[in-house]
Amino acid sequence: MTEDPFAHLHDEGYGHATDHPRLGAAFSVAMGGRDRISLNGAWHFTRDLFDEGLRQGWYRDDLAGPKHWPTPRDHEVWAAETVTVPGCWTTQRPEWRYFEGAAWYARRFVWDDAAPRLVLRVGAAAYGARVFLNGHHVGSHLGASTPFFAELTAFVRPGENHLLIQVYNRRAADRVPMHHFDWFNDGGLYRDVDLLALPRVFLRQAAIWFSGGMIRLRLGLSDPESGMARLEIPALGITVDVAVQDGAGEAAIPADPERWSPEAPVLHEVVVRFGADSVTERVGFREIKVSGTQILLNGVPLFLRGVCIHEDDAILGRATNEADLRRRFGHLRELGCNFARLAHYPHHERVAEIADEQGVMLWAEIPVYWAIDFANPATFADAENQLLELIGRDINRASVVMWGVGNENADTDARYDFMSRLAGAARAADPSRLIAAACLINRETFQIADRLAAHLDVIGLNEYFGWYEPGFEGLDRLLANSRPNRPVVISETGADAVAGRRGAHTELFTEECQSSILDDQLSIVTKASYVRGFCPWLLYDFRSERRQTPLQGGWNRKGLIAGDKATRKMAFKLLARRYREIARYSARHSSARKVV
Ligand code: GCU
């Protein structure tokens, strides 16, 4: 029987063959100080709205041009136009702004390194990705904001290699986030892409933290090797050998290092070695704990002067760069923040690195956002993997003080099971940080009372009294009604304001309205002794297709600063003043008493 050239038109199972192997946290590589061979720059780019690439096998290693084709083709990925990586295709061409589909990134690289192993690291691909090298499917990844690693060793050849990454940003009900969310659906390879030349055995993880008077190390290798690793912290005169058995090792060394804090963000160089591999980290030693309704940093109660941030930009989309990052931290400093909630997905890895240097504490989270398919085991596996990839990436960042496992999820049994298991997974992966979630008001009892709180260290509360719920009587009543037995952080509150729109504070979308709501909010919530942080929504206006009034024009206008990331609204100045007052009060009363 002759081959049917049209068979692919009738096969709707075309993607299954390349859904696995799934690239996830188990394949991570410890990155501290590691040499990276950058693949950033021009990549050939072919849009693929109907998934023809998987249906017709665009990934086959055939770079022949039309002159050599025996039959016609609909694609030529190796001759397509180029785009810049990292970048979002949604911002790289106006006509691609709303493109929700698949796209093929193609890039040649020459390999002549004698390294025993070669691994590709993709900083982020929104939402899913499939990696092909020289016509071979290497693996697939889910999750738009965490790095993943694809080992190329078995498929790389000396000389020219052909790397293809299929990326797709279609929204779906079983994704994390699902198909309904209040930010722009960007797509693309939007963070760095690198090659890693690695020894035969290398470090997948080297977690270092301080707790209970000890500096602790937990390491994991690429293979079940045994032997001796070495931990070096020159500034503390520490050099110790650590036994490794079947690819795992841990150590606890009595120490009393200078602690990291916002006031003194001290970082120590730490080197971990095993065989031919080593990683070098800059680690801040600190302890973050809760006691009753207090949050303690190095044993001292603190109040988190925060703000929420989306990693969103009118030009860069979901991508960022050093200038955008430095501007962001300049605004945090101007606001007097000692805290930031990185909503609603893992931000660029440089954020926690800069926060380490500048002494800003962070809430980092995964996008378990609104109505997730909580009963779906595959959805849980996706969420858990994104959480473990985030923890693996930022495990040595002192600034990250809490992992957020969800945002505004209705309190159902399926959600309770899903998110309590996520909280458990976070604790098992990282015993050194707090677990939080942005919870909703319990409308039955009108209390801060989410049963998930039993699995959390910090209860985040999203409430919008004064904006979505008129007046503040409800807020007073809620706080008076509630008896949480752990700290509460106001993880979201705020109001829209169009920069430059002035009027009475009772007029919606004016700067006066936004500013007066935040002023009243802060005055009310700080009366409750269990409220230990305030994190208004949010630093900058951001793109959202859910916001279509003429005043919004596809933007959520709750920023303290407009979408130009320059025009400060009245609320920015108000909050900066209020935070300076709180900081002064905290400095005067930084004893074990309530510091606000
Ligand atoms: C919610 C949600 C945010 C959203 C905000 C708003 O609290 O968590 O993602 O942008 O409200 O309505 O502006």
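Every number for a ligand or one of its atoms is a count from 1 in the order of the listing.
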* Asked: Y540 vs H331 aromatic rings, parallel, tilted or perpendicular, using cut-offs 30° and 60°?
  -> perpendicular
* With under 30° as parallel and over 60° as perpendicular, where do the rings of F45 and W96 fit, or are they tilted in between? -> tilted
Under 4.0 Å to a heavy atom of [X] - the qualifying atoms of ligand 1, by number:
X	result
N462	7 (O), 8 (O)
N556	6 (C), 10 (O), 13 (O)
E408	1 (C), 2 (C), 7 (O), 8 (O)
H344	3 (C), 8 (O), 9 (O)
K558	6 (C), 12 (O), 13 (O)
F542	10 (O)

* Judged by non-hydrogen atoms, does R557 sit under 4.0 Å from ligand 1? ->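 Distance cut 4.0 Å: R557 fails for ligand 1.
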* Is it true that the NZ or CZ of R477 lies under 6.0 Å from the centre of F446's six-membered ring and within 45 degrees of the ring axis? -> yes
* Is it possible for you to check whether R121 lies under 6.0 Å from the centre of the six-membered ring of F148, through NZ or CZ, and within 45° of that ring's axis? =>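 No; the conditions do not both hold, so R121 does not lie above the ring face of F148.
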Would you check if the side chain of [X] reaches a backbone N or O of [Y] as a donor-acceptor pair within less than 3.5 Å?
X	Y	answer
N481	Q447	no
D541	A562	no
N338	F303	yes

* **Carboxylate-amine/guanidinium contact E311 R328, below 4.0 Å** =>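 So E311 pairs with R328 through a salt bridge.
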* Would you indicate which of Y464, W370, F181 comes nearest to atom 5 (C) of ligand 1 when only heavy atoms are counted? => Y464
* To do: Would you mind finding which of W537, Y369, Y468 brings a heavy atom closest to atom 12 (O) of ligand 1?
  =>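 Looking at heavy atoms only, the winner is Y468.
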* When only distance counts, is H310 in polar contact with ligand 1, meaning an N/O pair under 3.5 Å? ->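 The answer is no, given that H310 and ligand 1 share no N or O pair closer than 3.5 Å.
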* If you measure from each non-hydrogen atom of R546 to ligand 1, which part falls under 4.0 Å: side chain, backbone, both or neither? ->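 Neither part.
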* To do: With heavy atoms only and a cut-off of under 4.0 Å, state how N407 meets ligand 1: side chain, backbone, both or neither.
  =>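 N407 to ligand 1: side-chain contact only, backbone stays beyond 4.0 Å.
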* Structure fact -> In this structure, atom 2 (C) of ligand 1 is nearest to the protein heavy atom E492 OE1, 3.4 Å
* Asked: What residue and atom, counting heavy atoms only, is the protein's closest point to atom 10 (O) of ligand 1, and at what distance?
  -> D182 OD2, 2.6 Å
* Taking the six-membered ring for Trp, are H347 and H310 ring centroids under 6.0 Å apart? ->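 Aromatic pair excluded; centres sit 6.0 Å or further apart.
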